[in-house]
Amino acid sequence: MVSKYWSHIVNEIIPYVPGEQPQNHQLIKLNTNENPYPPSEVVFEAMQQAVSSNLRLYPDPNCTKLKEAASQYYKLPSDHIFVGNGSDEILAFCFKAFFNPEDIILFPDITYSFYEVYAKLFDISYETVALNDHFEIPVEAFFHKNKGIIIANPNAPTGKLLAIDSIRQILDQNPDSVVIIDEAYIDFGGTSSVELISEYDNLLVVHTFSKSRSLAGLRVGLALGHSDLIEGLNRVKNCFNSYTLDRVALAGAEQSLRDIDTFKTNVNRIIQTREHITSKLRALGFYVVDSKANFIFISHSEVPAETIFEKLKQRNIFVRYFKKSGIDNYLRVSIGTDHEMSVFYQGVVEILEEYAWK
Ligand SMILES: *Cc1c(COP(=O)(O)O)cnc(C)c1O
């Protein structure tokens with residue numbers, strides 16, 4: 001639709017469409033990569049304490065205590081850390097902070113679809129890099145003139161990890177570009193590029209509390225990088241909203257960074273469940289991309305993905321299907337609890353049997 005009241009960009013843009021958040025709770029929800037395990041008690045306690053008469057006061061605009069906790073966790077100085085209202089907000093700020101309309105930025109053709117939406121919203125030119133047949137990122141495709149590079153690692157929606165040596169190569173070849181590595185899923189088995197920050201001033205690593213830290217509902221993300229990059233983000237934030245994180249979110253996120261045990265336990269459970277369901281689905285004739293994330297990307301040799309998607313939905317099992325060329329015969333399935341995955345698996349077995357009878 002169009003409106004005479006809207007700007008050109010708003011008339012033309014197609015916004016990002018998030019996965020469904022059905023309000024019926026009697027279902028198996030494996031469509032938006034949320035963590036199936038709750039955050040720890042200390043996180044709840046800190047948030048409950050924050051619900052006090054102090055809510056009449058604005059929160060700390062500099063997020064000092066949260067940055068201190070992040071500084072200890074990541075072993076980086078506080079001026080190398082930016083916090084935002086979800087990593088989506090940080091990614092949006094990056095487009096305003098680092099790129100100009102005449103610049104060309106690069107990202108893979110199959111990746112988190114928000115990058116394209118932000119490029120259009122901020123009127124930044126972009127080129128996409130084609131993945132190979134195994135959904136791998138060809139590093140050489142990033143070795144030509146550009147002002148910025150954005151890579152989700154592990155990639156979404158494939159779950160495929162790019163080795164840290166390849167990221168190093170991209171950084172070496174692009175000293176004048178800002179290279180953004182979106183590590184929303186890195187805790188589920190990858191090596192973080194955070195260790196490269198001391199060597200590369202142009203590297204910005206973006207993390208979220210929504211996946212590995214079970215706090216999608218709180219909206220907290222982090223960016224880590226050289227202080228010039230962080231100051232660029234601060235400038236944009238302070239032209240937009242001084243208080244992007246509320247008091248409750250600041251308190252919960254800080255404790256989450258301090259409770260390393262719960263975080264690690266939950267991540268390890270998810271990794272085990274992922275490996276288990278991967279081998280079971282392969283035995284059913286699925287192609288399952290090797291995943292280092294909290295989801296798997298799967299395709300069946302005979303039954304179309306869209307059919308499986310619809311039939312799972314009829315059984316109240318929600319997964320994600322993208323009707324996009326190159327991936328339109330794939331489903332992205334978040335890793336839930338072992339129980340949720342066995343209900344999902346049983347549903348899939350039934351659907352394959354029905355299909356075979358037709
Ligand atoms: C989920 C996700 C995000 C968004 O995280 P929020 O912090 O919840 O905004 C960013 N990038 C990728 C690749 C994601 O999958």
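Each ligand, and each atom within it, is numbered from 1 in the order the structure gives. Position 1 is the first residue of the sequence; numbering continues from there. All values below come from the heavy atoms of this structure, side chains included, with hydrogens, waters and symmetry mates left out.
At the shortest separation from atom 5 (O) of ligand 1 among protein heavy atoms lies Ser87 OG, 3.0 Å. With hydrogens left out, the protein atom closest to atom 11 (N) of ligand 1 is Asp182 OD2, 2.6 Å, a heavy atom. Nearest protein neighbour of atom 9 (O) of ligand 1, counting heavy atoms only, is Arg219 NH2, 2.8 Å. Remark: minimum distance from atom 14 (C) of ligand 1 to any protein heavy atom is reached at Lys211 NZ, 3.1 Å. At the shortest separation from atom 8 (O) of ligand 1 among protein heavy atoms lies Ser210 OG, 2.6 Å.
Because its NZ or CZ atom is both nearer than 6.0 Å to the ring centre of Tyr345 and within 45° of the ring axis, Lys280 counts as a cation-pi partner of that residue. For the pair Arg332 and Phe297, the cation-pi criterion (under 6.0 Å, within 45° of the ring axis) is not fulfilled. A cation-pi contact links Arg213 to Phe209, judged by a cut-off of 6.0 Å to the six-membered ring centre and 45° from its axis. In this structure, Arg274 forms no cation-pi arrangement with Phe188, as its terminal cationic atom is not both closer than 6.0 Å to the ring centre and no more than 45° off the ring axis.
Against a heavy-atom cut-off of under 4.0 Å, Tyr185 is close to the following atoms of ligand 1: 1 (C), 14 (C), 15 (O). Shown in contact with Thr208 at under 4.0 Å from a heavy atom are these atoms of ligand 1, numbered in order with element: 5 (O), 6 (P), 7 (O), 8 (O). Of all atoms in ligand 1, numbered sequentially from 1 with element shown, those under 4.0 Å from a heavy atom of Gly86 are 7 (O), 9 (O). Residue Asp88 approaches ligand 1 through these ligand atoms, each under 4.0 Å from one of its heavy atoms: 3 (C), 4 (C), 9 (O), 10 (C).
Between Arg269 and the options Asn266, Thr273, Thr265, a side chain to side chain donor-acceptor pair (under 3.5 Å) holds for only Asn266.
Atom NZ of Lys96 and atom CZ of Phe240 lie 11.5 Å apart (nearest 0.5 Å).
The proximity of Ala184 to ligand 1, defined as any non-hydrogen pair under 4.0 Å, is limited to the side chain.
Look at Glu89 and you'll find every heavy atom at least 4.0 Å from all atoms of ligand 1.
Between Tyr200 and His226, the distance from one ring center to the other does not fall under 6.0 angstrom. Note: Tyr330 and Tyr321 fail the aromatic proximity criterion, with ring centroids not under 6.0 Å apart.
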